[in-house]
Colleague: 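Encoded as structure tokens, here's the structure I'll be asking about.
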Amino acid sequence: MDAIFNKLRNLDAYPKINEDFYRRTFSGGLITIASSFIMLFLFFSELRLYLHAKTETKLVVDTSRGGNLHINFDLSFPLIPCSILGLDAIDISGEQHLDIKHNIIKKRIDHHGKVIEARPDGIGAPKIEKPLQRHGGRLEHNETYCGSCFGAETSDDDCCNSCEEVREAYRKKGWAITNQDLIDQCQREDFIQKVKDEEGEGCNIEGSIEVNKVAGSFHFVPGKSFHQSSFNFLGLLALQTSDYNVSHRINKLTFGDHYDGLVNPLDGVHWEYDKQNVMHQYFVKVVPTIYTNIRGRTVHSNQYSVTEHFKSVEFGSSQSIPGVFFYYDISPVKVTYTEEHVPFLHFMTHICAIIGGIFSVAGIVDAFIYHGQRKMKKKVEIGKFG
């Protein structure tokens with residue numbers, strides 16, 4: 001057994017020195033204090049990195065097919081009333097969503113952006129149908145308008161072309177109109193009065209739309225409900241104008257759910273025009289993104305980059321109309337972000353490297369200073385006795 005113990009002693013890489021041979025110096029004490037502070041500083045730096053998650057980024061080809069794209073928006077138009085502001089969406093497959101009202105809230109605002117009234121869409125930019133004829137059909141091209149009296153006609157030639165004429169026909173019959181909203185003429189005249197009441201106001205429109213995950217566009221345009229109608233209605237035409245100012249502010253525009261660190265480059269963008277009838281176009285490249293946080297929660301969302309262009313358009317042009325247009329395309333590359341902690345073994349390896357490295361460097365510096373001091377002391381002693 002003694003032979004085995006002797007062999008183990010010979011393998012000792014840390015030989016012990018008798019304390020009588022130790023010599024402590026002032027410089028050594030300073031180096032010890034300095035190295036201790038450096039060790040502590042680097043230790044807490046590594047601890048902070050260990051406790052905080054790091055994000056691993058990868059680029060892969062997006063092999064997913066189909067699916068939908070969720071677009072959230074919040075825009076303000078200080079010079080366009082809510083009643084004549086419409087939202088349309090179309091994609092490359094030909095699918096169209098015109099005059100979208102679902103999940104949309106419009107807020108009437110003044111020139112300072114102060115909200116006058118807020119309500120779900122359905123009260124703004126309704127689609128103007130062709131007028132209802134007394135025979136039950138809609139007014140066709142080159143056909144004379146003869147509005148229905150809704151059962152109150154006294155002869156086959158009676159026409160009610162206004163809401164007041166329908167009321168008068170009902171009074172003559174001794175009837176009461178229980179729901180004016182069901183009368184076609186009253187609906188139209190009420191909408192026209194609504195547009196007149198909102199003249200000089202602006203509109204904040206916010207909400208979300210869901211479209212196919214293919215290239216497409218959505219746009220906010222004024223007066224769509226008027227200009228797409230072939231109905232020659234004098235009261236309606238009197239509200240049309242050849243001048244629209246599409247100054248706007250994008251409060252929010254996202255293509256999917258929010259996640260930590262997401263930056264939307266169009267948030268807060270503000271454009272103010274001193275001229276009318278401008279077509280402002282945003283060309284958006286949507287990048288599919290998967291974000292997984294440290295708890296394992298995964299968010300499927302999108303980032304985007306954008307360029308923009310604007311130009312003046314001529315009123316009545318079939319190719320270009322004033323408004324704010326967003327053209328988006330889907331990137332074939334998908335980005336994945338994964339939050340993860342530094343492994344504990346890596347953390348311990350770094351700590352050991354810090355302690356061992358500083359201890360070794362401090363020992364070399366101390367030895368260098370100590371030998372330098374001894375040489376200087378010998379030279380002084382030789383000078384004295386020489």
Side-chain angles (χ1 to χ4, degrees), residues 32-75 103 206-215 249-270 282-308 326 328-362:
T32 301
I33 293 174
S35 60
S36 298
F37 277 113
I38 295 174
M39 285 182 189
L40 286 174
F41 173 76
L42 294 179
F43 170 78
F44 284 111
S45 297
E46 285 294 326
L47 182 62
R48 181 177 61 85
L49 293 175
Y50 173 71
L51 294 177
H52 287 75
K54 68 174 184 176
T55 303
E56 185 75 20
T57 305
K58 292 182 181 179
L59 297 178
V60 296
V61 175
D62 187 6
T63 58
S64 61
R65 292 179 293 177
N68 294 325
L69 186 63
H70 198 75
I71 304 173
N72 306 292
F73 56 84
D74 181 355
L75 285 83
N103 290 334
E206 64 174 309
S208 62
I209 57 176
E210 195 166 279
V211 297
N212 295 326
K213 195 176 179 181
V214 295
R249 176 183 177 84
I250 303 176
N251 303 308
K252 181 184 74 172
L253 180 66
T254 65
F255 290 81
D257 297 330
H258 177 79
Y259 61 85
D260 293 340
L262 176 63
V263 176
N264 300 306
L266 284 178
D267 287 2
V269 169
H270 182 209
Y282 294 96
F283 300 92
V284 180
K285 178 66 75 172
V286 179
V287 182
T289 303
I290 298 179
Y291 177 83
T292 304
N293 65 12
I294 196 66
R295 298 179 181 85
R297 177 176 175 268
T298 299
V299 178
H300 293 264
S301 186
N302 300 278
Q303 305 176 80
Y304 65 89
S305 61
V306 63
T307 57
E308 55 190 314
F326 295 88
Y328 57 88
D329 195 8
I330 311 298
S331 171
V333 176
K334 178 166 59 178
V335 181
T336 62
Y337 295 111
T338 305
E339 282 188 346
E340 54 187 23
H341 277 307
V342 175
F344 180 73
L345 290 180
H346 287 190
F347 170 70
M348 292 303 300
T349 301
H350 292 168
I351 296 302
C352 292
I354 288 172
I355 296 174
I358 293 178
F359 188 81
S360 299
V361 171

Colleague: I'd like to know whether NE2 of H346 has more than 12 heavy-atom contacts from other residues, nucleotides or ligands below 6.0 angstrom.
Modeller: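 No, NE2 of H346 has 12 or fewer neighbouring heavy atoms, counting only those of other groups under 6.0 Å.
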Colleague: Does D62 reach the main-chain N or O of S64 with its side chain, forming a donor-acceptor pair under 3.5 Å?
Modeller: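 Yes.
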Colleague: Donor-acceptor pair, distance only, cut-off 3.5 Å: does the side chain of T338 make one with the backbone of T292?
Modeller: no
Colleague: Between the side chains of K252 and D267, is the shortest nitrogen-to-carboxylate-oxygen separation below 4.0 Å, so that they form an ion pair?
Modeller: no
Colleague: Ignoring hydrogens and angles, write down the donor-acceptor pairs under 3.5 Å from the side chains of residues 207-214, residues two or more places apart or on other chains.
Modeller:
from, atom 1, to, atom 2, distance (Å)
E210, OE2, N68, ND2, 3.2
N212, ND2, D91, OD2, 3.0
N212, ND2, E95, OE1, 2.9

Colleague: Ignoring hydrogens and angles, tell me if any N or O in the side chain of T289 forms a donor-acceptor pair with the backbone of V287 under 3.5 Å.
Modeller: yes
Colleague: Who pairs with E339 by salt bridge (Lys or Arg N to Asp or Glu O under 4.0 Å), at least two apart in sequence or on another chain?
Modeller: none
Colleague: Within the supplied structure, the quantity of interest is the number of heavy atoms (other residues, nucleotides, ligands) at a distance under 6.0 Å from H52 NE2; does it exceed 12?
Modeller: no
Colleague: Does a donor on one side chain and an acceptor on the other come within less than 3.5 Å for T254 and N72?
Modeller: yes
Colleague: Which heavy atom of Q303 sits nearest to which heavy atom of Y337, and what is that distance?
Modeller: NE2-OH, 3.3 Å
Colleague: Can you give me the closest heavy-atom contact between K285 and D329, atom names plus distance?
Modeller: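 Between these two residues, the closest heavy atoms are NZ-OD2, 3.4 Å.
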Colleague: Please work out which of the three classes, parallel, tilted or perpendicular, describes the rings of F43 and F347, given edges at 30° and 60°.
Modeller: tilted
Colleague: Under 3.5 Å, is there a donor-acceptor pair between the side chain of N293 and the main chain of T298?
Modeller: no
